[in-house]
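Each remark here refers to the structure printed beneath this line.
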Amino acid sequence: MSKSTALRRYNRTVIILSLLYALFLCGAVYGFNHKLLAGPAAYVAAVLPAPPIIGIFIAIGRYLIEETDEYVRMLMVRQTLWASGFALSLATIWGFLESFDLVGHIDAYYVAVLWFGGLGLGACMNKLMLRGDAEVEA
C-alpha cells in the first residue's frame, strides 16, 4: 500500500520539526547548564524548543485536512481523540493531587509528552477495537 501525498508530507514535516526540537532543546540545556544564558537570551533559549512541538500539532491538523482517504483520516482523528483524553485526564488528576500537596510538581510541558504517548495508545486502541489493519502509517 503506497503512502498518500498527505502522509508523506506529514512524515517529512514531523521529522524536520523533531530534529529542530532536539537541536533547540540540546542547545538550551547546554546553554543553561554552562551558565551561558542570561537576560532576554535566556528567555529566547528557554522558549525555542516549543515552536517545533507546536508545529507538529499544526502538521497533524494539516494532515487531517489533506488526507483524502476517509478511513485513514478517521483513524487519525480517533488517535488524536485518545491522545487528548489521555493527556488531559492525567494532567487533571495530577493537578488535583499536586494542589493538595500529595505529589510533587511536574513541568507543564509534559502534557505534550503525554499527548504524543496518547497517540500511540490511540493507535493500539484502533487496532484492538477495529480488529483490522487499523494502523495509520505515520
Side-chain angles (χ1 to χ4, degrees):
M1 182 170 150
S2 67
K3 293 182 180 181
S4 70
T5 302
L7 185 56
R8 285 193 307 272
R9 181 179 300 131
Y10 164 76
N11 285 337
R12 183 175 52 249
T13 301
V14 168
I15 288 169
I16 291 167
L17 289 170
S18 297
L19 291 172
L20 285 172
Y21 165 74
L23 177 72
F24 293 155
L25 182 61
C26 289
V29 168
Y30 181 86
F32 279 99
N33 284 346
H34 291 86
K35 306 208 183 328
L36 302 173
L37 301 166
Y43 285 89
V44 171
V47 172
L48 213 48
I53 298 299
I54 296 165
I56 292 173
F57 296 140
I58 292 167
I60 291 170
R62 189 175 80 185
Y63 171 65
L64 290 173
I65 291 168
E66 294 176 352
E67 179 56 64
T68 57
D69 184 318
E70 292 177 11
Y71 182 72
V72 172
R73 184 172 48 234
M74 181 269 303
L75 293 174
M76 188 61 160
V77 167
R78 287 173 54 101
Q79 278 185 259
T80 60
L81 289 171
W82 275 101
S84 298
F86 177 72
L88 292 173
S89 295
L90 289 180
T92 299
I93 291 167
W94 195 270
F96 281 111
L97 291 170
E98 186 177 327
S99 71
F100 293 110
D101 294 323
L102 298 173
V103 296
H105 175 72
I106 293 181
D107 296 325
Y109 61 79
Y110 281 108
V111 173
V113 174
L114 288 172
W115 194 86
F116 288 122
L119 283 179
L121 173 65
C124 292
M125 295 308 291
N126 278 346
K127 192 76 165 171
L128 290 172
M129 295 174 87
L130 298 176
R131 300 263 193 250
D133 184 7
E135 282 186 32
V136 174
E137 297 176 23

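Numbering of residues begins at 1 and proceeds along the displayed sequence. The model shown is predicted, which means the values in this text are computed figures rather than measured ones.
Side chains of M76 and V72 form no contact here, defined as non-hydrogen atoms less than 4.5 Å apart. Looking only at side-chain heavy atoms (C-beta outward), R8 and N11 stay at 4.5 Å or farther from each other. Side-chain atoms of Y63 and I58, non-hydrogen and from C-beta on, never get closer than 4.5 Å to each other. In this structure, L7 and E66 have side chains that are not in contact, with every pair of non-hydrogen atoms separated by 4.5 Å or more. With a 4.5 Å cut-off on side-chain heavy atoms, Y10 and R62 do not count as touching. Inter-residue side-chain proximity for L17 and I53 is flagged as unmet; no heavy-atom pair is nearer than 4.5 Å.
No side-chain donor-acceptor contact under 3.5 Å links S84 to the backbone of L81. A donor-acceptor distance shorter than 3.5 angstrom exists from the side chain of Q79 to the backbone of L119, with no hydrogens or angles considered.
Shown here for A45 and A28, the closest heavy-atom pair between the two residues is O-CB, 3.4 Å. For the pair M74 and L130, the tightest heavy-atom approach, listed with the atom from each and the gap, is CE-CD1, 4.4 Å. The two residues E98 and G104 come nearest to each other via the heavy atoms OE1-O, 3.8 Å. What you find for F86 and L114 is that their closest heavy atoms are CD2-O, 3.4 Å. When all heavy atoms of A87 and V111 are compared, the pair lying nearest together is CB-O, 3.8 Å. Shortest non-hydrogen contact noted between Y30 and L36 is CE2-CD1, 3.7 Å.
Residues in residues 88-114 take part in no ring-ring contact (aromatic ring centres under 6.0 Å, His included) pair, two or more places apart or across chains. The side-chain hydrogen bond (donor to acceptor under 3.5 Å, both in side chains) pairs that include a residue from residues 43-59 number zero, where partners must be two or more places apart or lie in different chains.
Take L25 and apply the side-chain contact (heavy atoms from CB on, under 4.5 Å) test, not counting sequence neighbours, and it matches Y21, V29, P49.
Under the 30°/60° scheme for interplanar angles, the aromatic rings of F57 and F116 are found to lie parallel.
Counting heavy-atom neighbours within 6.0 Å of W115 CH2, excluding the residue itself, gives a total above 12.
Distance check: L128 CG to L121 CG gives 9.5 Å after rounding to the nearest 0.5 Å. The CD1 atom of I15 lies 12.5 Å from the CG atom of L20; values are rounded to the nearest 0.5 Å. For the atom pair L23 CG and L48 CG, the distance stands at 8.5 Å (nearest 0.5 Å).
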task: Test S4 against R9 for side chain to side chain donor-acceptor pair (under 3.5 Å), laying out the working first.
output: CA-CA 9 Å; S4 70; R9 181 179 300 131; over 6 Å; no
